[in-house]
K.L.:
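Let me give you the structure first, and then I'll get to my questions.
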Amino acid sequence: MFNLIPEGQLSLFLIRAFVLLFLGILFSQSGFDKTLNWKSNLEWLTQHFSKSVFKNNVPFLLFTITVLEIFAGLGSFAAIISLLFFQSLLLAKLAIAISTLSLLCLFAGQRIAKDYAGAAGLVNYFIVCIIGYYLLL
């Protein structure tokens with residue numbers, strides 16, 4: 001019989017897949033929301049960063065974080081397929097690394113904008129990324 005997941009590794013596969021699924025949903029939704037609601041996101045962020053060093057770079061920064069989030073989200077979904085069919089950790093490591101980088105960019109932006117509550121809200125997602133990456137070692 002053909003087994004996609006090596007015997008004795010189902011639990012580890014499921015934990016890895018759930019972390020990747022979580023990140024896939026999180027970043028795909030966020031990235032595609034930014035794409036579909038570009039104008040309103042740009043207006044909100046322009047106001048949000050109006051008193052920061054980022055005030056003249058908001059469109060570029062919004063584009064950059066949007067691309068990072070879409071890659072993190074879609075990469076997470078692709079990583080689940082790679083884990084399932086090829087037992088390869090490479091895409092999973094890359095997807096979690098891009099997810100973590102996205103969160104660090106968002107965290108830095110929130111701190112620079114002095115939105116400390118918004119920055120604190122990202123810490124839980126960061127912890128999920130670090131645990132997820134640890135599970136890939």
Side-chain angles (χ1 to χ4, degrees):
M1 184 169 197
F2 182 71
N3 290 325
L4 295 176
I5 302 166
E7 192 171 329
Q9 298 222 351
L10 179 60
S11 295
L12 183 58
F13 168 78
L14 288 174
I15 294 169
R16 289 170 171 169
F18 289 150
V19 168
L20 289 164
L21 188 58
F22 177 85
L23 296 173
I25 293 166
L26 172 70
F27 286 110
S28 293
Q29 185 280 325
S30 184
F32 286 118
D33 176 70
K34 285 177 177 64
T35 302
L36 296 172
N37 299 303
W38 181 265
K39 186 178 177 185
S40 62
N41 278 288
L42 184 59
E43 289 171 2
W44 184 84
L45 288 169
T46 299
Q47 198 282 324
H48 190 65
F49 289 111
S50 64
K51 297 177 183 173
S52 77
V53 297
F54 293 150
K55 65 183 173 190
N56 297 322
N57 298 311
V58 174
F60 172 74
L61 294 172
L62 177 58
F63 174 78
T64 302
I65 197 65
T66 301
V67 169
L68 280 173
E69 288 182 343
I70 290 171
F71 274 109
L74 296 179
S76 294
F77 293 132
I80 295 169
I81 294 167
S82 179
L83 282 174
L84 180 62
F85 289 105
F86 306 109
Q87 290 80 46
S88 173
L89 301 177
L90 181 61
L91 275 178
K93 288 179 179 181
L94 185 59
I96 292 178
I98 295 170
S99 297
T100 306
L101 177 62
S102 298
L103 288 169
L104 290 172
C105 290
L106 292 166
F107 182 79
Q110 297 292 50
R111 296 288 301 182
I112 289 169
K114 298 186 182 347
D115 181 0
Y116 301 115
L122 297 170
V123 172
N124 293 327
Y125 299 127
F126 181 78
I127 292 169
V128 169
C129 285
I130 297 305
I131 291 170
Y133 201 84
Y134 179 76
L135 292 169
L136 297 172
L137 297 177

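Because the structure is predicted, anything quoted here is derived from the model rather than measured. Throughout, residue positions are numbered sequentially from 1 according to the sequence presented.
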K.L.:
Output, in order, the C-alpha distance, side-chain angles, deciding distance and verdict of side chain to side chain contact (heavy atoms under 4.5 Å, CB included) for Leu23 and Cys129.
P.N.:
CA-CA 8 Å; Leu23 296 173; Cys129 285; 3.8 Å; yes

K.L.:
With a 4.5 Å cut-off on side-chain heavy-atom distances among I, L, V, M, F, W and Y, is there a chain of contacts connecting Leu90 to Leu94?
P.N.:
no

K.L.:
Using a distance-only test with no angle check, is there a side-chain donor-acceptor pair under 3.5 angstrom linking Asp33 and Asn37?
P.N.:
yes

K.L.:
Same cluster for Tyr116 and Phe49 if Ile/Leu/Val/Met/Phe/Trp/Tyr side chains link at under 4.5 Å?
P.N.:
no

K.L.:
Between the side chain of Ser50 and the main-chain N/O of Gln47, is any donor-acceptor distance below 3.5 Å?
P.N.:
yes

K.L.:
For Phe60, is the CZ atom crowded, meaning more than 12 foreign heavy atoms sit under 6.0 Å from it?
P.N.:
no

K.L.:
Tell me whether Leu42 is reachable from Val53 by hopping between hydrophobic residues (I, L, V, M, F, W, Y) whose side-chain heavy atoms are closer than 4.5 Å.
P.N.:
yes

K.L.:
Drop me the distance from Ser52's OG to Gln110's CD, to the nearest 0.5 angstrom.
P.N.:
10.5 Å

K.L.:
Of all the heavy-atom pairs spanning Lys93 and Leu136, show the shortest one and how long it is.
P.N.:
CE-O, 3.4 Å

K.L.:
Is the closest side-chain heavy-atom distance between Arg16 and Leu89 below 4.5 Å?
P.N.:
yes

K.L.:
Taking C-beta and beyond as the side chain, do Ser28 and Leu74 meet within less than 4.5 Å on heavy atoms?
P.N.:
yes

K.L.:
Between atom CG of Leu20 and atom CD1 of Ile96, what is the distance when rounded to the nearest 0.5 Å?
P.N.:
5.0 Å

K.L.:
Do the side chains of Phe63 and Phe71 join up, straight or via other hydrophobic residues, at under 4.5 Å, putting them in one cluster?
P.N.:
yes

K.L.:
Calculate, to the nearest 0.5 Å, the distance between atoms CH2 and CG belonging to Trp38 and Leu45 respectively.
P.N.:
9.0 Å

K.L.:
Check Ala72 against Ser99 and note the closest heavy-atom contact, atom names and distance.
P.N.:
CB-OG, 3.5 Å

K.L.:
Are the side chains of Ile80 and Leu21 in touch, meaning some heavy atoms are under 4.5 Å apart?
P.N.:
yes

K.L.:
Kindly assign one of parallel, tilted or perpendicular to the pair Tyr125 and Phe22, based on the angle between their ring planes and the thresholds 30° and 60°.
P.N.:
tilted

K.L.:
Side chain to side chain contact (heavy atoms under 4.5 Å, CB included) for Phe126 and Leu104? Distances and angles first, verdict last.
P.N.:
CA-CA 8 Å; Phe126 181 78; Leu104 290 172; 3.8 Å; yes

K.L.:
Hey, are the side chains of Leu103 and Phe27 touching, using non-hydrogen atoms and a 4.5 Å cut-off?
P.N.:
yes

K.L.:
Does the side chain of Cys105 reach to within under 4.5 Å of the side chain of Leu68, using non-hydrogen atoms?
P.N.:
yes

K.L.:
Going only through I, L, V, M, F, W and Y residues with side-chain contacts under 4.5 Å, is there a path from Tyr134 to Leu83?
P.N.:
yes

K.L.:
What's the spacing between Leu4 CG and Ile81 CD1 if we round to 0.5 Å?
P.N.:
12.0 Å

K.L.:
What is the distance from atom CD1 of Ile127 to atom OG1 of Thr100, rounded to the nearest 0.5 Å?
P.N.:
12.0 Å

K.L.:
I would like to know whether Leu14 and Leu10 meet side chain to side chain contact (heavy atoms under 4.5 Å, CB included); could you show each step before the answer?
P.N.:
CA-CA 6 Å; Leu14 288 174; Leu10 179 60; 4.0 Å; yes

K.L.:
Could you grab the distance from atom CD1 of Ile65 to atom CG of Leu106, nearest 0.5 Å is fine?
P.N.:
4.0 Å

K.L.:
Look at the side chain of Arg111 and the backbone N and O of Ala119, then say whether any donor-acceptor pair between them is shorter than 3.5 Å.
P.N.:
no

